> 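Pasting in a structure now, in structure tokens, and then I'll have a few things to ask.
Here the structure is a predicted model, which is why all the values come from computation and not from measurement. Numbers here simply count residues along the sequence, with the first being 1.
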Amino acid sequence: MPKVMALWERVRTSLWFLPTLMLAGGAFLAWIALDVQIEADASGFIWWLNQGSAQEAGRLLSALLGSLITMATLVISITIVVLTLAAGQLGPRLIRSFVGDRRTQAVIGFFIGTVVYILLIFRLLDSDLPKEAVPHFAVTMASVLVFLCLITLLFYINHLSRSIVADTVVNRVGDELDSAIRANLPGSAVEIPTLVLHRPNSAAARYRSPQSGYIETLDYEGLARKAGARGALVELQVRPGHHVLKDRTLALVWPSTALDDALQLEIGAAIGIGRERTPVQDIEFSVRQLVEVALRALSPGINDTFTAIAVIDRLSASIALAMEMSPARRYWNDGEGQVRVVAEVSTFAGLVDIAFNQIRQAAAGQVAVLIRLLEVLTALSEGAGGGEHEAVLHRHRKSVILTARASISHRDDLAALEAQYRHAGGETSEA
């Protein structure tokens, strides 16, 4: 179910879910460790096992707990600083990518779980226990866990120092984009119905949005089954990622008599509306994140040409992947093969427009960025094989050279762009 997938995506990228599981794991480990008894050999000595009295074990656990809380506070403070820097330099919408990093979640969870473990052992340790009744294994495990936390802290600092690098962020978001493309674009051609019903909109009943917000998910298959049970055809006017207003049309239904109260409830259940966009079914979500990084890099206050070029390169790799896939599925059938849902879908032209238009506009006068745009579009064209893809890429190459002619006054710089444009097969005259 798409709504379940959206909920899982929200939970998976939260900073509390995995740490909460590891907190419970720390409590479970304490329960197990308290029942473990290690019998000493004939000499009564085991080199790795804590064998102090209850008072000594209490003092050790107290020292470990104090040190661990200090380290945990340091970890959380470093995380907040990195999130602040990321929001300021790369964009606040990328905080989701940092918070959703499993390594960050695991490190915070490991520290919290260890704190819970030591607290439970410390709480159950009676200072009046005889030496042979002290849970020596549990106390030893506390020392081992704190030692591992120290090593983890060093790993975490190294991880954060690399994660704030723009190229790392760009590649991470780009990987999410590739996953969305594979999940939402079929790998092979989808059969187009031989009969597509063209009906006047005036004859349709309109399903209107119950609230304002973003379309997060759409259950196409479920909606097709429900519409088929009533002999209806539903044409969706929105797709995941669109922002809708309350009482605005979301879908048209034929025949109009089919849109009864029950079908309205079922359409509402199939369309998930929330306060923010999610990458579950929205291919453009990650594209816009990458574009935001490029636009901030090209802003006068930052003027980071190399980050913008890195974004262009990563976007080109994802668009090349999209070119290998078939267009998004638009028609959904019921169990009897009858078309019941006509969907609004993202197109290749729209994807390329979102990826490159704003970057090109912000890069006016930036010779290096415009040249890289032309190079990337030329490389993509080599695998286009004509048709719609080639036409879209040619239009963007033409837009780049027109932007260059309007914004670059230095003759040699413009000549370099013109040479690249001619190499791509563009006309040499003004358009």
> In plain terms, say whether Arg395 and Asp353 are close enough for a salt bridge, that is, a side-chain N and a carboxylate O under 4.0 Å apart.
yes

> Measuring only between side-chain heavy atoms, which start at C-beta, is Pro327 closer than 4.5 Å to Thr347?
no

> After noting the C-alpha distance and the side-chain angles of Gln289 and Leu94, does the key distance pass the side-chain contact (heavy atoms from CB on, under 4.5 Å) rule?
CA-CA 7 Å; Gln289 284 190 317; Leu94 287 172; 4.0 Å; yes

> Strictly distance-based, threshold 3.5 Å: is any side-chain N or O of Ser62 a donor or acceptor partner for the main-chain N or O of Arg59?
no

> What's the verdict on side-chain contact (heavy atoms from CB on, under 4.5 Å) for Phe306 and Asp167, showing C-alpha distance, side-chain angles and the deciding distance?
CA-CA 9 Å; Phe306 297 103; Asp167 288 359; over 6 Å; no

> Side-chain contact test, heavy atoms from C-beta onward, threshold under 4.5 Å: evaluate it for Leu374 versus Ile371 and give yes or no.
no

> Any donor-acceptor pair under 3.5 Å linking the side chain of Arg162 with the backbone of Leu160?
no

> Can you find a pair of side-chain heavy atoms, one from Leu223 and one from Trp332, that are under 4.5 Å apart?
no

> Can you tell me how far apart CG (Asn184) and CD (Gln281) are? Round to the nearest 0.5 Å.
6.0 Å

> To the nearest 0.5 Å, tell me how far Leu218 CG sits from Ile267 CD1.
11.0 Å

> For the atom pair OG1 (Thr13) and CD (Glu176), what is the distance rounded to the nearest 0.5 Å?
9.0 Å

> Determine which pairs satisfy ring-ring contact (aromatic ring centres under 6.0 Å, His included) with at least one residue from residues 258-298, sequence neighbours left out, and list them in order.
none

> Between Cys149 and Thr114, what is the shortest heavy-atom contact and its length?
SG-OG1, 3.6 Å

> Honestly, is Arg172 close enough over Phe98, meaning NZ or CZ under 6.0 Å from the six-membered ring centre and within 45° of the axis?
yes

> Do Thr152 and Met71 come within less than 4.5 Å of each other through their side chains, counting heavy atoms only?
no

> Surrounding CZ of Phe147 (heavy atoms of other residues, nucleotides or ligands, distance under 6.0 Å), is the total greater than 12?
no

> Under a 4.5 Å cut-off applied to non-hydrogen side-chain atoms, are Thr104 and His159 in contact?
yes

> Any sub-3.5 Å donor-acceptor pair from Ser209's side-chain atoms to Gln211's backbone N or O?
yes

> Verify, without hydrogens or angle tests, whether Arg275 (side chain) and Gly213 (backbone) share a donor-acceptor contact under 3.5 angstrom.
no

> Which pair of heavy atoms, one from Val134 and one from Ala57, lies closest together, and at what distance?
CG1-CB, 4.2 Å

> With no hydrogens and no angle check, do the side chains of Arg10 and Thr278 hold a donor and an acceptor under 3.5 Å apart?
no

> Counting C-beta onward and ignoring hydrogens, is there a side-chain heavy-atom pair between Val291 and Val311 closer than 4.5 Å?
no

> Please say whether more than 12 non-hydrogen atoms of neighbouring residues, nucleotides or ligands are located less than 6.0 Å from CG in Asp261.
no

> Give me the atom names and distance for the closest heavy-atom approach of Ser212 to Ile273.
O-CG2, 4.1 Å

> Thr70 side chain to Gly66 main-chain N or O, any donor-acceptor pair under 3.5 Å?
yes

> Quick check: do Val293 and Val173 have side-chain heavy atoms less than 4.5 Å from each other?
no

> If you define the side chain from C-beta out and look only at heavy atoms, does anything of Val280 sit under 4.5 Å from Pro240?
no

> Do you know which two heavy atoms are closest between Glu344 and Tyr220, and how far apart they sit?
O-OH, 4.3 Å

> Once rounded to the nearest 0.5 Å, what's the spacing between atom CZ of Phe122 and atom CG of Leu65?
7.5 Å

> Under 30°, 30 to 60°, or over 60°: which ring-plane class applies to Trp31 and Phe28, parallel, tilted or perpendicular?
tilted

> Answer yes or no: is there a donor N or O on one side and an acceptor on the other, between the side chain of Ser381 and the main chain of Glu390, under 3.5 Å?
no

> Is Glu9 salt-bridged to Arg96, going by a charged N under 4.0 Å from an acidic O?
yes

> Are the side chain of Gln105 and the backbone N or O of Arg12 linked by a donor-acceptor pair below 3.5 Å?
yes

> Looking at every non-hydrogen atom in both residues, tell me the closest pair between Ala138 and Leu34 and how far apart they are.
CB-CD2, 4.1 Å

> For a side-chain contact (heavy atoms from CB on, under 4.5 Å) check, start with the C-alpha distance between Ile359 and Leu315, then their side-chain angles and the critical distance, and finish with the verdict.
CA-CA 11 Å; Ile359 295 178; Leu315 282 170; 3.9 Å; yes

> Once side-chain hydrogen bond (donor to acceptor under 3.5 Å, both in side chains) is applied, what residue pairs with a partner in residues 294-307 remain, sequence neighbours excluded?
Asn303-Gln366, Asp304-Thr307

> Take Arg208 and Leu250 through the side-chain contact (heavy atoms from CB on, under 4.5 Å) test and state the conclusion after the steps.
CA-CA 5 Å; Arg208 299 182 183 275; Leu250 298 187; over 6 Å; no

> Please report the shortest heavy-atom distance between Glu284 and Arg239, naming the atom on each side.
OE2-NH2, 2.8 Å

> Aromatic rings Phe356 and His396: how do their planes relate, parallel, tilted or perpendicular, breaks at 30° and 60°?
perpendicular

> Mark yes or no for whether Gln338, through its side chain, and Gly231, through its backbone, hold a donor-acceptor pair below 3.5 Å.
no

> CZ/Arg397 to CD/Gln420 distance, rounded to the nearest 0.5 angstrom?
10.0 Å

> So, does Arg314 use its side chain to make a donor-acceptor pair with the main chain of Gly174 at under 3.5 Å?
yes

> Ignoring hydrogens and geometry, is there a side-chain-to-backbone donor-acceptor pair from Tyr207 to Leu236 under 3.5 Å?
no

> Could you tell me the separation between the CD1 atom of Ile354 and the CD1 atom of Ile319, rounded to the nearest 0.5 Å?
10.0 Å

